[in-house]
There are 2 protein chains.
Amino acid sequence: MSKLETAQKIEQAFERTGVRRTPQRFFVLERLLTKPDHATVEELWAALNRRHARASRATVYNTLHALVQAGLVREFTLDGKAARYDANLERHHHFVCDSCGAVEDVNWFDVPQLEGNESEKRSIRSYEVTLRGKCAKCHSNN
Amino acid sequence: MSKLETAQKIEQAFERTGVRRTPQRFFVLERLLTKPDHATVEELWAALNRRHARASRATVYNTLHALVQAGLVREFTLDGKAARYDANLERHHHFVCDSCGAVEDVNWFDVPQLEGNESEKRSIRSYEVTLRGKCAKCHSNN
DNA sequence: CTGCTAACTTAGACATAGTTCTAATTTAAG
DNA sequence: CTTAAATTAGAACTATGTCTAAGTTAGCAG
Ligand SMILES: [Mn+2]
Ligand SMILES: [Mn+2]
Ligand SMILES: [Zn+2]
Ligand SMILES: [Zn+2]
């Protein structure tokens, strides 16, 4: 997706969801869309400061809350660390590199039916698989 | 498993792994084995205090570190909250109740082979499925 | 285009949960 | 009995996230 297309997509998303367009919000969503690395607040804040110097952490938090509220971004956490943000709204799983900590998307796949009394009394609303291992980069850098 | 059998199992585990036997450690491991609710430090500390009043939180932390070190307990976190502890060493998945927060074991099942270039450049060491929904108890209490 | 104002941004203080550390006391195990 | 190791109470620490009050701006009405 070209830079222009991404920009239009973001504009439309803001329009559609009634999120007010600010340079900071635009930057954060663009960053999440173009670099699907599941950045943390700290990382997004650092990136934002490289562009719009003097950005506040509070703005990053506020922006992310607004984007999550609007359904444009999903929040999750891994291993009790800082929250991570994901603008990929497709169903997918995640892979975490033991060595460098990178979090990568993994195409969706269904999981076998949970048979028998296992799932009888429970209702499952959603599930996700977290894979762990060594990422491609860490394999080659060896 | 009877209370006696559990006690013997714990004694043996301590012996085998060289973990020194203290009432606090015995209690924590017994509690994790007999009530597989994936308790947090806070919960274990509260339970411990009901029995051995005046237990320190530090002891619970120290105990759990020792047990994890010895491979008798596994630690994990959900949703960026406090660490949870699991004395069930079998391979298994977890179910989390959206409504009451309970964390339950789910029998192991394999996940389909991750085909194609998805897994080509990565090596997968482990994976786990986290299911979410409404637990049996929350279904009946309605 | 201009001015208005609610909404946003900023800097940094503040809050909090979770965990680790410390130094004195007690205890398991040989 | 001895002593290395464990326990205790509570202070201290840390990472993450929230709040505040003053300044700035997006978006709209006129
Ligand atoms: Mn993702
Ligand atoms: Mn478990
Ligand atoms: Zn890696
Ligand atoms: Zn429940």
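To find a chain, count down the sequence lines: A is the first, B the second, and so on, and within it residues start at 1.
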- prompt: Are OP1 or OP2 of C/dT10 and a side-chain N or O of A/Q24 less than 4.0 angstrom apart?
  reply: yes
message: Nearest whole Å is fine: how far is C/dA17 P from B/W45 CH2?
response: 14 Å
- request: Let me know the distance between CZ of A/R25 and C1' of D/dT25, rounded to the nearest Å.
  value: 12 Å
- prompt: Taking it one step at a time, do A/W108 and A/Y127 satisfy ring-ring contact (aromatic ring centres under 6.0 Å, His included)?
  reply: CA-CA 11 Å; A/W108 178 260; A/Y127 61 86; 5.3 Å; yes
message: Side chains of A/H38 and A/N88: any donor to acceptor distance under 3.5 Å?
response: no
field: Phosphate-side-chain proximity, A/T59 and C/dT10, N/O vs OP1/OP2 below 4.0 Å
entry: yes
task: Could you tell me how the ring of B/F26 sits relative to the ring of B/F14: parallel (under 30°), tilted (30 to 60°) or perpendicular (over 60°)?
output: perpendicular
message: Rounding to an integer number of Å, can you tell me how far A/K81 NZ sits from D/dT14 P?
response: 16 Å
- prompt: Is the shortest side-chain N/O distance from B/H65 to OP1 or OP2 of C/dT20 below 4.0 Å?
  reply: yes
message: Rounding to an integer number of Å, can you tell me how far A/Y85 OH sits from D/dT16 P?
response: 11 Å
message: Of the options C/dT9, D/dT8, C/dG12, whose atoms approach the side-chain atoms of A/A58 most closely?
response: C/dG12
- prompt: Quick one: does B/S56 reach the base of D/dA9 with a side-chain donor-acceptor pair under 3.5 Å?
  reply: yes
query: Does the salt bridge (Lys or Arg N to Asp or Glu O under 4.0 Å) test come out yes or no for B/E104 and A/R122, once each step is laid out?
result: CA-CA 11 Å; B/E104 300 174 356; A/R122 298 197 269 253; 2.3 Å; yes
message: How many whole angstroms separate atom CZ of A/R21 from atom C1' of C/dA7?
response: 16 Å
query: Which residue lies toward the 5' end of DNA chain C, A/A53 or B/E42, if each is placed at its nearest nucleotide?
result: A/A53
query: Touch check for B/A66, heavy atoms < 4.0 angstrom, all strands: base, sugar-phosphate only, or nothing?
result: nothing
- request: Record whether the side chain of B/R20 comes under 3.5 Å of the base of D/dA5 through a donor-acceptor pair of N or O atoms.
  value: no
message: Using whole Å, what does the distance between atom C1' of nucleotide C/dT25 and atom CZ of B/R54 come to?
response: 13 Å
- request: Could you tell me whether the phosphate oxygens of C/dT27, OP1 or OP2, come under 4.0 Å of any side-chain nitrogen or oxygen in B/T22?
  value: no
field: Rounded distance (Å) that lies between atom P of D/dT16 and atom CG of A/L44
entry: 13 Å
Whole-Å distance separating the CG atom of A/D79 from the C1' atom of D/dT16: 16 Å
query: Among side-chain atoms of A/H93 and A/D105, is any donor-acceptor pair under 3.5 angstrom?
result: no
- prompt: Counting only side-chain N and O atoms of B/R57, is one of them less than 4.0 Å from OP1 or OP2 of D/dT8?
  reply: no
task: Describe, in one word, how the ring planes of A/Y61 and A/H65 are oriented to each other, choosing from parallel (under 30°), tilted (30 to 60°) and perpendicular (over 60°).
output: tilted
message: Just to be sure I understand the rule, does A/H52 reach a base, reach only the sugar-phosphate, or reach nothing, if contact means heavy atoms closer than 4.0 Å?
response: nothing
- prompt: Taking the side chain of A/N62 as its heavy atoms from C-beta onward, which of C/dT19, D/dT8, C/dT10 lies nearest to it?
  reply: C/dT10
query: Below 4.0 angstrom from OP1 or OP2 of C/dT19, is there any side-chain N or O of B/Y61?
result: yes
